[in-house]
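Below is one structure, written out as structure tokens, with a few remarks after it.
Lettering of chains follows the sequences in order, A, B, ..., and the numbering in each one begins at 1. Basis for what follows: all heavy atoms, side chains included, without hydrogens, waters or symmetry-related copies.
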Amino acid sequence: MSLLEVRNVVKRFGNNEVLRGINLTVEAHQVVCLIGPSGCGKSTLLRCINGLEEIQGGEIRLHGDRITGPGVDLNALRREVGIVFQSFNLFPHMTVLQNITLAPTQVLRMPEEQAREKALALLKRIGLEHKAQAYPDQLSGGQQQRVAIVRALAMEPMLLLLDEITSALDPELVSEVLNLLRELAREGMTMILATHEMGFAKEVASKVCFLYGGVVHEEGPPEQIFSNPQQERTQQFLSSIIEAGRL
Amino acid sequence: MAEPSNTKEARRRRPTPPKDGFAFALLALGWAVCLAVATWGVMVRVKAVMSANNFQALWTDGLLLLVALLPLALLLPASRSLQQSIQARRALAAENLIAARVHSAEAHTWAWFTLGYAGAWLLLLLLVLFFIANNVAVGRTFFQLELIASSFGLILQAFWVNVVIFLFAGVLSLLWGLVVAIAKLLPGRPAQPIRFLATFYTDAFLSLPSIIVIYLVGFGLPLTGIAFFRSLPLEALAVLALTLTYGAYMAEVYRAGLESIHPSQWAAARSLGLSYGQTLRFVIIPQAVRRIVPPLLNNFIGMQKDTALVNVVGVIDAFNQARIIASNNFNLSAVTTVAILFILITIPQTRLVDRLVERDRARFRQG
Ligand SMILES: Nc1ncnc2c1ncn2[C@@H]1O[C@H](COP(=O)(O)OP(=O)(O)OP(=O)(O)O)[C@@H](O)[C@H]1O
Ligand SMILES: [Mg+2]
């Protein structure tokens with residue numbers, strides 16, 4: 001059974017049909033990269049998978065369980081699926097440590113002490129244990145994003161969604177975030193990432209999906225998509241990316 | 001060779017000379033002199049009024065003389081301005097452009113300084129004239145010291161009623177406003193009727209003058225004959241009326257504050273599995289509070305002032321008490337006492353609001 005199945009998902013904002021029957025299958029330990037022009041619905045798809053947006057058609061299954069439609073416990077779903085956004089992830093009024101322990105203590109009812117130890121271990125892993133008592137605005141953008149990632153990891157999700165988490169960062173801060181993702185990929189974390197970092201996608205992705213016109217226009221292993229795209233739109237998109245010097 | 005004078009090139013080669021400040025400095029000096037004369041005149045009038053009322057003491061004469069001489073101090077900045085403008089002219093003649101600019105700027109600064117203080121002083125003089133007009137009728141009407149002293153105890157006692165009303169109504173409207181704000185923000189279709197009611201309530205009470213609400217609640221509810229309302233003291237009804245009115249204001253402040261938190265914070269919190277209530281409690285409200293407290297305090301201050309309206313239903317508050325005293329004595333000095341009491345309790349709160357706003361600005365770098 002696949003870890004995640006997205007079947008014919010339709011999402012409308014008023015009259016604007018953003019997703020028009022998306023199909024996507026993600027196996028455990030896969031890293032799936034969503035690429036596509038701005039506004040094609042990458043963020044929307046990720047938000048639907050996390051239950052942050054209601055869908056108007058189709059269904060999404062996690063481990064075979066339907067996670068869309070009536071009667072779904074969204075809070076329970078979100079324990080299994082973590083998401084990190086482009087920016088404004090961290091809670092500015094809490095220390096780094098509090099940011100990480102909030103959900104485990106409040107949602108999983110983990111004892112305070114245990115949550116703390118776990119958070120510190122995670123921080124140590126990204127080399128930020130000395131920032132445990134710092135506030136988010138005292139961290140660099142790259143540090144903030146890494147904390148946001150380990151905050152999601154603290155819930156031990158089976159699937160991690162990452163929405164252009166490096167696109168608001170200065171170039172020299174991007175690599176520290178990508179390194180963390182690389183490590184997670186090696187450890188077998190299942191991830192879906194919307195990204196404009198084509199080089200990175202090429203390197204870590206098990207599968208690349210090109211979103212266009214509200215559907216997955218083309219998908220395949222990165223070698224195929226990047227070197228030998230079959231669809232004309234995919235070729236156009238990639239050549240514009242190459243022109244911009246990002247591949 | 002004739003150069004076009006307004007090209008960039010030409011301007012760059014011939015820098016603009018500073019503005020000449022001489023005329024302005026003269027104006028300032030003229031003003032200072034006029035003011036000194038006017039002050040003298042006013043003080044002579046004050047002295048005359050005092051003698052007419054058989055009020056004479058050495059210290060008042062000394063004080064009057066001192067005040068009369070005070071505006072002479074303005075001659076100092078005025079003459080300095082004049083001096084600087086003359087030096088600016090000299091520097092310009094010597095083609096020392098930089099010195100000329102410095103002196104000219106100084107001349108303008110001192111001239112403005114003179115005018116600013118002169119303006120304020122003039123207002124004070126007018127106030128004094130008003131005060132002593134018609135043989136100190138104004139002064140006596142508002143500031144009869146004997147009456148202020150003799151009625152002070154009664155007024156203070158009645159002011160306590162205002163304090164109690166606004167403390168109760170303040171706390172209640174803070175709580176009630178939060179309830180209404182959350183009702184307005186409840187998500188989903190089932191909550192639609194509740195949202196509608198909450199919106200209707202705030203719309204209605206934001207547009208109703210509080211005096212009308214006080215009147216309707218204070219007179220109307222006991223008239224309904226319902227035992228509970230008849231048993232309530234008038235003060236409690238006043239508290240109820242003010243809570244209803246200011247609850248709507250407070251609700252709007254809460255709502256604006258909660259909505260000012262970036263939507264990503266909601267998404268981030270919900271995506272971690274926190275429920276709607278947990279998100280409000282741990283993420284949204286703590287961040288919103290900083291922004292909410294100053295406007296809430298402002299509403300609170302507004303409500304304090306509105307406690308003076310409860311006299312329309314017959315509550316004996318400070319203003320009502322003062323009006324009784326005023327009509328018994330044909331003199332408004334007791335009302336002045338009330339005014340001063342309101343000012344005294346409000347100013348510290350206003351300063352506190354300023355402080356909080358300032359602190360918030362200093363602390364919160366990240367939105
Ligand atoms: N909350 C919303 N309300 C209305 N329309 C929305 C909303 N969110 C997204 N959209 C619309 O949905 C479309 C897809 O948006 P989305 O953010 O998913 O694109 P994206 O692929 O993530 O783009 P980008 O690469 O710029 O992040 C856009 O046309 C956008 O205007
Ligand atoms: Mg996006």
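- Between Ser271(B) and Phe85(A), the closest heavy-atom pair is OG-CE1, 4.4 Å.
- Residue Phe205(B) places its CZ atom among more than 12 non-hydrogen atoms of other residues, nucleotides or ligands, all under 6.0 Å distant.
- By the 6.0 Å contact criterion, OH on Tyr117(B) is open, its count of non-hydrogen atoms from other residues, nucleotides or ligands being 12 or less.
- Residue Glu59(A) qualifies as enclosed at atom CD: its count of foreign heavy atoms under 6.0 Å is above 12.
- Between the side chain of His93(A) and the backbone N or O of Phe282(B), at least one donor-acceptor pair lies under 3.5 Å.
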Apply side chain to side chain contact (heavy atoms under 4.5 Å, CB included) to Arg270(B) and Asn75(A), showing your working. CA-CA 8 Å; Arg270(B) 297 309 299 277; Asn75(A) 295 337; 3.7 Å; yes

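- Looking at Ile83(A), both its backbone and its side chain come within 4.5 Å of chain B, counting heavy atoms on both sides.
- When heavy atoms are compared at a cutoff of 4.5 Å, Gln265(B) approaches chain A by way of both its backbone and its side chain.
- Counted within 6.0 Å of CD1 on Ile98(B), heavy atoms from surrounding residues, nucleotides or ligands total 12 or fewer; the atom is thus considered open.
- Formation of a donor-acceptor pair under 3.5 Å by the Gln287(B) side chain with backbone atoms of Phe91(A) is not found in this model.
- Looking at Val81(A), only its backbone comes within 4.5 Å of chain B, counting heavy atoms on both sides.
- Proximity to chain B (any heavy atom under 4.5 Å) is restricted, for Arg47(A), to the side chain, taken from C-beta onward.
- Counted within 6.0 Å of CZ on Phe228(B), heavy atoms from surrounding residues, nucleotides or ligands total 12 or fewer; the atom is thus considered open.
- Heavy atoms only, all atoms of each residue included: Met155(A) and Leu272(B) are closest at CE-O, 3.3 Å.
- Tyr215(B) OH: 12 or fewer foreign heavy atoms inside a 6.0 Å radius.
- The environment of Glu112(A) atom CD is sparse: at most 12 non-hydrogen atoms of other residues, nucleotides or ligands sit within 6.0 angstrom.
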